[in-house]
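Computed over heavy atoms, backbone and side chain alike; hydrogens, waters and symmetry mates excluded.
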Amino acid sequence: MSSTRTALRTTGVAVRAMLVLTLILGVGYTLLVTGIGQLALPGQANGSPLPDDRGSALIGQSFTDADGEAQPQYFQSRPSAAGDGYDGAGSSGSNLGPENPDLVASIEERKAAIAEREGVDASEVPADAVTASGSGLDPHISVAYALLQVPRVAEERGMPEQEVRDLVESRIQGRDLGFLGEERINVAELNLALDGQEGE
């Protein structure tokens, strides 16, 4: 009888402890962290949405037509191997090694296409213009790739080239923590700013 009472008391303590810890750690902690996130970094906590529900600033986008051809009035993103391109549910790289003939061929093909589109020599095409990121979702391009596209975008939009160049330079994001990575430009944000500038 005594051992049964002890077992029941122990079980009751365990159940109460589980309920209290579930409330504290499962509910209280979650609400606390969510509240801090909403107060300190609301944009990031909500997924860094772009204006007018045009996606997230954290996930790259394609600026192509229905046939997959680059829309010349927009800055182009880097290639994506995620699903059909920038598919958040299919995040991945190509997983092909640098010596893989298929990867080498696709890079050379992309380089030739970009050089023709931008009216430059293939040697001037930056590496990020022809290679996908590891996630396939990178929303950024290098400053060099953005500046390479300035003449085409300016001509297509009938804007002064210097005006487009100034817009690009105003959108440069610095290195993380001041020393990690490279300076970069968010393509979707740049194109949205470009649309806004043209409409003024």
Side-chain angles (χ1 to χ4, degrees), residues 1-64 74-98 103 126-129 131-143 145-146 167-197:
M1 187 72 175
S2 176
S3 63
T4 302
R5 188 176 300 136
T6 302
L8 287 173
R9 189 171 357 136
T10 304
T11 301
V13 169
V15 168
R16 285 195 301 272
M18 181 191 71
L19 292 174
V20 169
L21 290 173
T22 297
L23 284 173
I24 293 172
L25 300 175
V27 178
Y29 176 75
T30 302
L31 291 174
L32 176 67
V33 171
T34 301
I36 291 171
Q38 290 295 331
L39 289 172
L41 302 164
Q44 290 86 338
N46 293 319
S48 300
L50 292 167
D52 302 325
D53 295 322
R54 296 192 188 181
S56 169
L58 302 175
I59 298 179
Q61 298 181 22
S62 295
F63 293 90
T64 55
Y74 286 109
F75 285 88
Q76 295 301 305
S77 306
R78 65 187 301 184
S80 172
D84 291 329
Y86 299 106
D87 178 4
S91 173
S92 71
S94 68
N95 293 328
L96 300 177
L103 179 62
D128 66 301
T131 56
S133 65
S135 68
L137 305 176
D138 190 354
H140 300 101
I141 58 174
S142 66
V143 176
Y145 187 30
L167 184 63
V168 167
E169 291 174 350
S170 74
R171 310 301 294 186
I172 295 174
Q173 299 174 3
R175 294 175 170 86
D176 292 330
L177 302 177
F179 67 95
L180 294 174
E182 297 295 329
E183 291 184 331
R184 62 208 182 277
I185 295 174
N186 186 295
V187 182
E189 290 179 346
L190 175 60
N191 283 331
L192 284 173
L194 191 63
D195 283 344
Q197 191 111 340

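Taking all atoms of both residues into account, the shortest heavy-atom contact from Ile185 to Val168 is CD1-CG1, 3.4 Å. Closest heavy-atom contact between Pro79 and Ala129: CD-O, 3.4 Å. Smallest separation of non-hydrogen atoms from Leu103 and Gly97: CD2-O, 3.3 Å. Of all the heavy atoms in Ala188 and Leu50, the pair that sits closest is CB-CD1, 3.7 Å.
Atom CG of residue Leu137 and atom CZ of residue Arg78 lie 11.0 Å apart, to the nearest 0.5 angstrom. Distance check: Thr64 OG1 to Gln76 CD gives 7.0 Å after rounding to the nearest 0.5 Å. In this structure, Asp138 CG and Asp128 CG are separated by 8.5 Å, a value rounded to the nearest 0.5 Å. For the atom pair Thr11 OG1 and Arg16 CZ, the distance stands at 10.5 Å (nearest 0.5 Å). Atom CD of residue Glu189 and atom NE2 of residue His140 lie 7.0 Å apart, to the nearest 0.5 angstrom. Once rounded to the nearest 0.5 Å, the distance linking CG of Asn186 with CG of Leu192 reads 9.0 Å.
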Next item on the list: For Gln173 and Glu183, run side-chain contact (heavy atoms from CB on, under 4.5 Å): C-alpha distance rounded to whole Å, both residues' side-chain angles, the deciding distance at 0.1 Å, then the answer.
Entry: CA-CA 6 Å; Gln173 299 174 3; Glu183 291 184 331; over 6 Å; no

Item checked: side-chain contact (heavy atoms from CB on, under 4.5 Å) assessment of Tyr74 paired with Leu190 -> CA-CA 9 Å; Tyr74 286 109; Leu190 175 60; over 6 Å; no

Next item on the list: Take Arg9 and Thr6 through the test side-chain contact (heavy atoms from CB on, under 4.5 Å) and record every step on the way to the result.
Entry: CA-CA 5 Å; Arg9 189 171 357 136; Thr6 302; 4.2 Å; yes

Next item on the list: Evaluate the criterion side-chain contact (heavy atoms from CB on, under 4.5 Å) for residue pair Tyr29 and Ile24; output intermediate values, then yes/no.
Entry: CA-CA 6 Å; Tyr29 176 75; Ile24 293 172; over 6 Å; no

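Listed for the Thr34 side chain is no donor-acceptor partner under 3.5 Å among the backbone atoms of Leu31.
A heavy-atom distance below 4.5 Å is not found between the side chains of Pro49 and Ser56. Here the side chains of Ser77 and Tyr86 are in contact, with some heavy-atom distance below 4.5 Å.
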